[in-house]
Amino acid sequence: MTRAFYDAFSTALQASWELSALVSLLAGVASHHLIFRPFEIDGYAWQILFIFLGSVFIFVTAYIQLAGYGVMLALCRVSLIATAYSSGAAISIFMYRAFFHPLNRFPGPFLAKISRFYAMNNAAKNIKAFEDIRSLHKKYGDIVRVGPRELSINRPSAISVIYEPPTRTTRSPWYAQVSNDVTKISLNSTRVLKVHKLRKKVWERGLSFRALAVYAPRIQAKVDLLLSKLANHCGRPIDMTEYAMFFGFDVMGDIGFSKDFHMLELESEHLAIKGVHESMLAIGVLGTVPWLLSMISKVPGAAASFSRFTTWCHRELQKKREIVASEAAALKDQDPRDIISWLLKALNEGDPSAPPGEIAIQEDARLLIIAGSDTTSAALSNALYYLASNPKSYQRLQAAIKEEFPGGINDWTYDRNVPYLDYVIQETLRLKPSVPGGLPRVTPPQGLMIDDDFIPGDTVVAVPTYTVQRDARFWSDADAFKPERWENLSTEKSPWIPFTRGQWACPGRNLAMMELRMALSHIALRYSISFAHADASKSFDSGVMDTFTLTLPPLHLIFTPL
Ligand code: HEM
C-alpha cells in the first residue's frame, strides 16, 4: 500500500507542467466546495496557512528527492502548483459568491457580496460601521446583503424571529474569536444554546434586584464622588466623556470585584483600562472580518496592551478566591458582595451554572468589567449631551425629579420612580445605543421566514440596532431627542433593542439603569448644564466611533450650581 502510494506520487510528480497546473487549479476549486464552504473555518486561519506552507515544503522536497529536480526548478514547479491551487480556490469563491450564492437575490453592494473586506475598508475609513449600514439600508431597502453570507435586516418583525425565544438562530462565528471550547470562553463568547442558558443563570443571580440592593450604597458612593468632581470644576469646562468613563469603570471595579480602580479619585485612567481602550480601535476595524481578528489576536505581542488588563483581572480573581475561601464560613448565610463572588460561590458549590473551568471564569472576570463599563459610561455621556442640547427636556427632567423629591438632594431615594428620567435614558439609548451594530446570529439549516422573505439556512443575520432605532417608518421625528414619546410607547413592543432581546440579552440592564438613574437625578437636582464652547456639541456628535461599543470623543460641558 505504502509502496503503491509512493509509486503513484512519484509518477504524479513527473506529470507535465500543464497537467500539474490544471490538477492544482481543480484541487483549489474542490477545497472551496468540500472544506471552506461547508465547515466553519474562521478560527483556523493559522492552521490553514501552516498546512499550506507545510504542503509547499513537502512538494519542494519531493520534487528534489523523488523526481530528481534541482532546487530552483523544484521551487518554480511548486510555485506554479501553489499559484494554480490558490487561483482555483479564489476563482471558485468569487464565482460562487457573485453568481451562485443563495443570497444573490438580496440587494447590496457588489463588493460586499465578494468579501467582508468591503466592510473592513469602510470601517477603516471612518470607524462608523453603524452609519455605513444605515446608508446601505437607505439605498437598498430592508434586507441588504452586507457580506458574502451576511444579511442586515432592518425590520421590527425580524427582532423576534432572530433574537427572541423560541428562535433557532445561534451566535455567529464572530463570537468564536477566542475559542469554541466552552470551558475556555466567557458567557458572551458561548455559542452553544444549552451551555449558554445554564451559565447565564449565575449571572442573573449576581445581577438580580436582590444583589443590586447590596451594591446600591457603593454605587451611590461613586455618584457622590463624581458629583464632588463636578463641584471642583464648577463653572469651568469638564470633559464628561472622561469622567463618565472613570465613573463606569470605578463602579464595575467595586461591584464586580470589590476593588477600586480609583479613577475618579485620581482623575486619571488606570493602566489596565488604558490597555482595553487602546485595543478598541483594532476591534472596531478588524472585527468586521472575524477570522482576521482571531488570527491577529493569536500573534504573540499583538494584544500586548489588552494583556495588561488580562493580568489585572487574573490577579484580582486570584486574590478574590483567597478572600472568598477565608470568609466562606463567616459569610455562609449572606449573599456575595460582588459579581465575581457570585460566580466563585457557584463554582465552589459545584452549581451546574458556574463557569465550566478555570479559563472560563478568568474570561468571565474580564467580561464583567468590559461589558458593564464603557456601555454605561457612553450612555451617561450621551444622555448629558442630549440634555445639554435640549434645555427644555432638561428643565422638564429637573421639574419631574423635584416634584418627586421636594426636599432636593437630601430627600432623594432610589426606590421612587420618576418616569421622565427613564424616558430620557430610553431615548438616549434609542438615538445612540452603546452597542450600535447588529448582533450577528446564524439561521438554522432549514432557514427561516421574516414576513414573506425566506432567509436560507446558515446565513449570518442581524437587525442593525442604530438603523432600526432611527427609522422614520417606526419613529416619528426619528432623529430628534424626544423623551416624551415614551409616555405612549413600550420598550418591549417598539423596535428598541439597545440591550438586545431573548436568551442573549444583557443581564446588566437593571444595574445600568440604576447607575444612570442615580447619576442623572443627582446631577439634575444640583446643576444646570451647557456646552463649554460653540463647537462642543457638533464635535461630540460627529466624532463618535463604532468600536463594537461606542467610543466617544471629548464632551466639554459646564456645570453651574442651581
Ligand atoms: C447602558 C448599558 C448597557 C448596554 C447598552 C448593554 C448592552 C448589551 C448588549 C447589546 C449585549 C449583547 C451583546 C452580544 O450579544 O454580543 C450585552 C451583553 C452583556 N452585558 Fe450588557 N449592556 C449594558 C450594561 C451592562 C452592565 C452594567 C453589565 C454588568 C456586568 C452588563 C453585562 C453584560 C453581560 C455579562 C453580557 C453578556 C450576556 C450574554 O452573553 O448572554 N451590561 N449588553
Side-chain angles (χ1 to χ4, degrees), residues 185-189 199-223 225-226 244-265 269-277 306 308-324 327 331 334-348 353-355 358-380 434 499 506-516 518-519 549:
I185 50 180
S186 73
L187 172 79
N188 192 232
S189 301
R199 279 183 77 168
K200 188 93 177 233
K201 286 184 181 161
V202 66
W203 281 87
E204 283 163 352
R205 283 202 291 277
L207 288 159
S208 63
F209 286 115
R210 186 169 134 179
L212 293 192
V214 176
Y215 311 147
R218 280 136 66 195
I219 300 175
Q220 178 65 61
K222 294 295 176 208
V223 171
L225 191 53
L226 174 67
M245 188 267 287
F246 295 162
F247 170 74
F249 277 93
D250 275 359
V251 168
M252 283 319 298
D254 195 332
I255 65 164
F257 283 92
S258 297
K259 190 77 200 169
D260 203 336
F261 285 116
H262 295 296
M263 300 211 318
L264 272 174
E265 201 179 311
E269 194 174 12
H270 191 283
L271 212 59
I273 305 307
K274 224 178 202 151
V276 176
H277 289 138
F306 195 78
R308 286 202 300 268
F309 173 65
T310 307
T311 311
W312 183 91
C313 285
H314 291 184
R315 206 180 47 229
E316 291 310 321
L317 177 64
Q318 201 43 42
K319 282 190 211 158
K320 196 78 212 172
R321 266 212 168 99
E322 288 156 20
I323 296 171
V324 168
E327 293 178 345
L331 301 177
Q334 287 179 32
D335 276 351
R337 281 170 298 184
D338 47 55
I339 303 170
I340 199 72
S341 297
W342 277 97
L343 271 59
L344 285 169
K345 177 174 168 356
L347 205 61
N348 294 342
S353 67
E358 177 53 31
I359 301 182
I361 193 164
Q362 288 176 7
E363 291 289 318
D364 275 353
R366 289 196 276 168
L367 170 66
L368 84 85
I369 299 285
I370 290 186
S373 307
D374 276 330
T375 44
T376 314
S377 311
L380 179 55
S434 305
F499 296 100
C506 174
R509 178 171 171 173
N510 293 323
L511 170 60
M513 289 303 286
M514 179 181 252
E515 290 179 53
L516 293 168
M518 279 186 179
T549 52

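Scope of the values below: all heavy atoms of this structure, side chains included, with no hydrogens, waters or symmetry mates.
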- Query: Who are the salt bridge (Lys or Arg N to Asp or Glu O under 4.0 Å) partners of Glu327, not counting sequence neighbours?
  - Reply: Arg337
- Set of salt bridge (Lys or Arg N to Asp or Glu O under 4.0 Å) partners for Glu204, sequence neighbours left out: none
- Query: Do Arg321 and Ile361 touch side chain to side chain, with heavy atoms closer than 4.5 Å?
  - Reply: yes
Just list the side-chain donor-acceptor pairs under 3.5 Å for residues 251-260, sequence neighbours left out, or say none.
residue, atom, partner, partner atom, Å
Asp254, OD1, Arg218, NE, 2.9
Asp254, OD1, Arg218, NH2, 3.4
Ser258, OG, Asp338, OD2, 2.5
Asp260, OD1, Lys222, NZ, 3.4
Asp260, OD1, His262, N, 2.8
Asp260, OD2, Lys222, NZ, 2.9

- Contacts of Asp335 meeting side-chain hydrogen bond (donor to acceptor under 3.5 Å, both in side chains) (sequence neighbours excluded), chain-then-number -> Arg210
- Message: Run the salt bridge (charged side-chain N to carboxylate O under 4.0 Å, His left out) test on Lys319 and Glu316 for me, step by step, so that the C-alpha distance in whole Å, both residues' side-chain angles and the decisive distance to 0.1 Å come before the verdict.
- Response: CA-CA 5 Å; Lys319 282 190 211 158; Glu316 291 310 321; 3.2 Å; yes
- Query: What is the distance from atom CD1 of Ile339 to atom CG of Leu511, rounded to the nearest 0.5 Å?
  - Reply: 6.0 Å
- Can you see which heavy atom on Ser341 is nearest to which on Pro336, and at what distance? CB-CB, 3.6 Å
- Message: For the backbone of Ile273 and the side chain of Arg308, can you confirm whether one donor and one acceptor N or O come within less than 3.5 Å of each other?
- Response: no
- Query: Could you give the distance from NZ (Lys200) to CG (Asn188), rounded to the nearest 0.5 Å?
  - Reply: 8.5 Å
- Find the distance between CZ (Phe247) and CE (Met263) and round it off to the nearest 0.5 Å. 12.0 Å
- Task: Return the set of residues passing side-chain hydrogen bond (donor to acceptor under 3.5 Å, both in side chains) with Lys201 (not counting sequence neighbours), or none when no residue passes.
- Result: none
- Please name the pair of heavy atoms, one in Gly248 and one in Ser377, separated by the smallest distance, quoted to 0.1 Å. CA-OG, 3.5 Å
- First locate atom CZ of Phe246, then atom CG of Leu226, and finally report the distance between them rounded to the nearest 0.5 Å. 11.0 Å
- Item | Contacts of type side-chain contact (heavy atoms from CB on, under 4.5 Å), residue His314, not counting sequence neighbours | Thr310, Gln362
- Note on the structure: Heavy-atom nearest pair, Cys313 first then Ala365, reads SG-O, 4.2 Å
- Message: Working to the nearest 0.5 angstrom, can you tell me the gap between Ile323 CD1 and Ile340 CD1?
- Response: 12.0 Å
- Item | Test side-chain contact (heavy atoms from CB on, under 4.5 Å) applied to Ser189 - qualifying residues, sequence neighbours left out | Ile185, Ser186
- Note on the structure: Those residues at least two apart in sequence (or on a different chain) that pass side-chain contact (heavy atoms from CB on, under 4.5 Å) with Thr376 are Ala512, Glu515, Leu516
- salt bridge (Lys or Arg N to Asp or Glu O under 4.0 Å) involving Arg315 - partner list, sequence neighbours excluded: none
- Item | Partner residues of Asp250 under the salt bridge (Lys or Arg N to Asp or Glu O under 4.0 Å) criterion, sequence neighbours left out | none
- Message: With heavy-atom distances below 4.5 Å as the criterion, would you say the side chains of Asp374 and Met245 are in contact?
- Response: yes
- Item | Non-hydrogen atoms of Ala371 and Thr375 that approach each other most closely | O-OG1, 2.6 Å
- Non-neighbouring partners of Trp342 that pass side-chain hydrogen bond (donor to acceptor under 3.5 Å, both in side chains), sequence neighbours left out: Tyr215
- Going by heavy atoms in the side chains, are Arg205 and Val202 under 4.5 Å from each other? yes
- Query: What residues form a side-chain contact (heavy atoms from CB on, under 4.5 Å) with Ala216, not counting sequence neighbours?
  - Reply: Met514, Met518
- Item | Ring centre gap for His277 and Phe306 strictly below 6.0 Å | no
- Quick one: CG on Asp364 to CG on Leu187, what's the gap to the nearest 0.5 Å? 6.0 Å
- Task: Would you please test Leu271 and Trp312 for side-chain contact (heavy atoms from CB on, under 4.5 Å) and show each step?
- Result: CA-CA 9 Å; Leu271 212 59; Trp312 183 91; over 6 Å; no
